[in-house]
Amino acid sequence: MLILDAHAHCGLTLTFERLNSIWKQGGIDGGVIFSPVEEIYDRADRNFIDSEKYKESRRKVHEYLRTLKDENIYIYWFVWNDFMIPWNDFCGIKWHRHASEPNYQYEKDECKDLIEYICANKLPVLLEEEFSNTIKLIDEFRSRTTTIIPHMGSLNGGYSRLKEKGIFENPSVYVDTSLASPFEIKDFAENHGTDRMIFGSDYPFGDPVDECMKIKEIFSGEDLEKILAQNILRLIK
C-alpha cells in the first residue's frame with residue numbers, strides 16, 4: 001500500500017535526510033514537503049514586513065526543495081506577503097499565518113493575481129489561517145481549486161466551529177489529519193466520507209510514524225488506501 005505524508009516541513013534547517021529516515025522507519029514512501037515557517041518570515045515579530053535576509057532565505061529554500069522533487073516527493077510553494085507567483089515545478093501551495101504573526105496585506109493587487117494564478121492552475125492550497133481569514137480565502141477560491149484544512153481545522157478556528165459554519169459541506173474543501181484527534185477524524189468520515197481526507201504528520205511537530213499508525217487504527221481497506229495516498233494523488237496529479 002502506497003503511503004504519502006502530505007504535510008511535512010523540510011528545508012535547509014530541517015533537512016530531507018532527517019525526515020526521510022523517519023519516513024522509512026514507518027514504511028512511508030514519500031509525501032508533500034514545504035519550507036519551515038522560520039525560513040520564510042520572522043514569525044516572532046508581529047510587525048515584521050520583510051528584509052533582504054528573508055528574501056534570500058525564501059529563494060534558497062525553494063531552490064532546495066526543487067532538488068528533492070522525485071517520483072513520490074511533491075513540493076509546495078510557501079506563500080508570503082509579497083505574493084510571489086510560484087515557480088512552475090511546484091504542484092501546490094502552503095498558505096500559512098497564525099493570529100500572533102505578521103499580517104498579510106490581502107488587499108494588494110499582487111494577492112489577487114496570486115489567487116487567480118492558483119485557481120487557473122488548479123493548485124491545491126493547504127490553508128492555515130485564523131478563522132475569519134480562512135472563511136474569506138475559501139470564498140475566494142470557491143470551487144475553482146481545492147482547499148485543504150490542516151489539523152482538521154484546529155488552527156483555523158477549531159473543527160467544531162468550521163463544522164458549524166458548514167465549511168466541510170463544501171465539496172472543494174478537504175482536511176488533513178495531522179495532529180487531529182481520533183474523534184474529529186471519525187466524525188468527519190461519518191458525516192462526509194473519506195474521499196476528502198488526507199494523511200499528514202506536520203513533521204517536525206508531529207511524528208510521521210505515530211500519525212500514520214493513528215490512521216491505520218481507525219480505517220482499513222479502500223478507505224485507508226484513499227486517506228494514506230490516493231486522495232492527495234488525485235489532487236496533485
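Keep in mind that what you see is a predicted model, and the values were worked out from it rather than measured. Every heavy atom of this structure was used, including side-chain atoms; hydrogens, water molecules and symmetry mates were not.
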(request) Determine whether the side chains of Glu128 and His98 contain a donor N or O and an acceptor N or O closer than 3.5 Å. (result)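 Note: Glu128 and His98 side chains meet the donor-acceptor criterion.
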
(message) Whether the Thr145 and Lys122 side chains hold a donor-acceptor pair (N or O, under 3.5 Å, no angle test) is what I'd like checked.
(response)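 No, no side-chain donor-acceptor pair sits under 3.5 Å.
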
Does the separation of the ring centres of [X] and [Y] fall below 6.0 angstrom?
| X | Y | answer |
| --- | --- | --- |
| Phe34 | His9 | yes |
| Phe48 | Trp80 | yes |
| His7 | Tyr203 | no |

Would a distance-only check, ignoring hydrogens and angles, find a side-chain to backbone donor-acceptor pair under 3.5 Å from [X] to [Y]?
| X | Y | value |
| --- | --- | --- |
| Ser201 | Val209 | no |
| Glu211 | Leu179 | yes |
| Lys163 | Gly158 | no |

Run the salt-bridge test on [X] and [Y] with the 4.0 Å N-O cut-off and return the result as yes or no.
| X | Y | answer |
| --- | --- | --- |
| Lys226 | Asp195 | yes |
| Arg43 | Glu38 | yes |
| Lys53 | Asp42 | no |

(request) Specify the closest pair of heavy atoms between Cys91 and Tyr74, including all atoms of both residues, with the distance to one decimal. (result)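 Closest pair (atom of Cys91, atom of Tyr74, distance): SG-CB, 3.7 Å.
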
